[in-house]
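Numbers restart at 1 for each chain; the letters A, B, ... are given by sequence-line order, proteins then strands.
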Amino acid sequence: MLAVTADARVAVRTRALTKVFRGFRAVDAVDLEVREGSVHALVGPNGAGKTTLFNLLTGFLTPTSGTILVFDEDVTGQPPERVARRGVARSFQITSLFETLTSREHVELALQGLTSQGFRFWRSEKLLGRDRARVEDLLEQVGLLRLADKPVGLLAYGQKRALELSLVLALEPRLMLLDEPTAGMGIEDVDRTIELIRRIAAGRTVVLVDHNMRVVGSLADRVTVLQQGRILAEGPYDEVRNDERVITAYLGEADHA
Amino acid sequence: MTQSAVTEAPVTGVDPPAVGRDLRRRWILLAVGLTAALVLPWFIYPPVAMDIVAMALFAIALDILLGYTGLLSFGHAAFWGSSAYVTGLIATHYGVPFPVAVIGGAVFAMILAVPLGYLSVRRSGIYFAMVTLAFAQMVYFIGYQWSDLTGGENGLQGVPRSFFGIDLVETDSFYFYYAALPILLLGMWAAWRIVHSPFGRVLMSIRDNTPRARALGYEVEKYKLIAFVLSAGLTGLAGGVFAINHGFVALTELHWSTSGEVVLMAVLGGIGTLWGGVLGAFLAVMLADYLASSGFHGIDLVTGTVFILVVLLFRRGLWGTVRHRWLVRQQRRTAAAGPAER
């Protein structure tokens, strides 16, 4: 990984980003800066606003106030599909897939997402399978090639999470937002997923939410700690980990896996 | 691995793959269906046979939205009825061959669907149903009030059935059936094409998981709007043929009960299956015809009861249930044939 220099470009910049739900400030005046090419982790106790922040960054929620810049372009208030088309791909915390299709069909659909091919209602669905090599390459990357033709409903949990990552990759994202990519995984799967993320993160910017400190510690260049919708601390993992406020707020109560 | 994708999947009541995987079965079904369509007027009074096929296309068109996109339109009478009127008016005033009039009606339905769809697809679930119902009631009201054009409560009378001066078709409903059948079959083929296209695949993913589809970059509202307009166009084809078949357009065609009837047919047959619409229409029309000709007046009572029973006993509709059983059996057989690849 290249050293992050002072003039490194900024992938995400929020200014006074705020989201209020019925008087509850889920995200409160957050100024976040994610450097291009870095792996940036968001951590914090439950209810700290991580997921809300994610939804704001990807257009699934509209901020109450504040602005969001992605690669220097204002995306505040844009719908998710527009944000996705700017090279921002996200994974979902709840494994979020179309149960009845196969892995192959999932990746085909993901590859089609940024094209206008999806509007071709007069063509055969076989058109989707045209880029077989690319589909199989993506499945190979996440280790699902041999299960390509199995309905996703039959995949094991860890395999579904891996498929989630292949969908994210299919979008050729400049910025990937990964929402708890290792949640609920067994220890071997976690290690494999860390390796996988490290590999696909090369040359891209990653924003990561994960409760597993081992994942954060081994992947993140920078860590932002959120508490009650505000930024509590920010910096390299080792620095943040030893921060007094962070220890009391978060690490003290979490497992040091 | 004991769980099964087939038994586990549908929370929506929509049957799983909907992506055809068995070509042989598909061709056999198609052959059976085509044969049935061809011999139908030999066994059933031809105008009723025509109604069955028209209603079948109507139900299929609705299913594009209901079964494949996950949108329950409760206002499809607006497209069915307005196309019936426009077809009738074109046929009456211009004396063109009836297929031209029908196409005119379908085009009108599609044009009408653009603003209605644009305003409706932003809502989902029950709100979508209510918005479409409200718009359809507006169209009904216009049809009712604008009696100079539509004949108001009396309906549009004496719609001619021109067909290039071919007497047999113009006067004999048996031959008319065969002249009009290709239009409806073409409509059904179009529905099949739409559902089994890259576009159809996107519709199904929107149905199953809208946020995920959005995050993949799909412009969900645009897809829904196009599906809405296509569905309205096919509905229009059916409504136009229906109008010519009867030589008369009643205000009922615009009434909300027509919207309800087609939803009933689609659900009866099984949504998300296309064939379900055909089966549902066949049963509903036959039942209504049988009851009417036997002088029974509580038609709605009987169809309503049948509907409730089907929904309670066969959650997936008649066709959907048959297909589901078949899929489960097939899956068991594959599982028994050899340990699933791991």
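Interface check for chain A: of the options B/Gly200, B/Ala227, B/Ser205, the most heavy-atom pairs under 4.5 Å are formed by B/Ser205. By number of non-hydrogen pairs under 4.5 angstrom with chain B, the leading residue of A/Gly118, A/Ala110, A/Ala170 is A/Gly118. Ranking A/Gln117, A/Gln112, A/Arg82, A/Lys126 against chain B, the residue ahead of the rest is A/Gln112, based on heavy-atom pairs under 4.5 Å.
Of the atoms belonging to B/Leu203, not a single heavy atom falls under 4.5 Å from chain A. Of the two parts of A/Leu114, the backbone and the side chain both hold a non-hydrogen atom closer than 4.5 Å to a non-hydrogen atom of chain B. Contacts between A/Thr58 and chain B at a heavy-atom distance below 4.5 Å are absent for every atom of the residue. For a residue to count as touching a neighbouring chain, one of its non-hydrogen atoms must lie under 4.5 Å from one of that chain's; by this rule B/Ile194 touches chain A with backbone and side chain alike. Both the backbone and the side chain of A/Phe119 have a heavy atom closer than 4.5 Å to some heavy atom of chain B.
The cationic atom of A/Arg90 (NZ for Lys, CZ for Arg) does not lie both less than 6.0 Å from the six-membered ring centre of A/Phe54 and within 45° of the ring axis. Stacking of B/Arg122 on the aromatic ring of B/Tyr118 is recorded, both the 6.0 Å distance cut-off and the 45° axial limit being met.
Partners of A/Arg104 under the side chain to side chain donor-acceptor pair (under 3.5 Å) rule, at least two apart in sequence or in another chain, are A/Glu136, A/Asp149. Under the rule for a salt bridge (charged side-chain N to carboxylate O under 4.0 Å, His left out), the partners of A/Asp191 that lie at least two apart in sequence or sit in another chain are A/Arg214.
Checked by atom type, the side-chain pair B/Ser231/B/His76 shows a donor-acceptor distance below 3.5 Å. Remark: the A/Thr182 side chain and the A/Asp210 side chain contain an N/O donor-acceptor pair separated by less than 3.5 Å.
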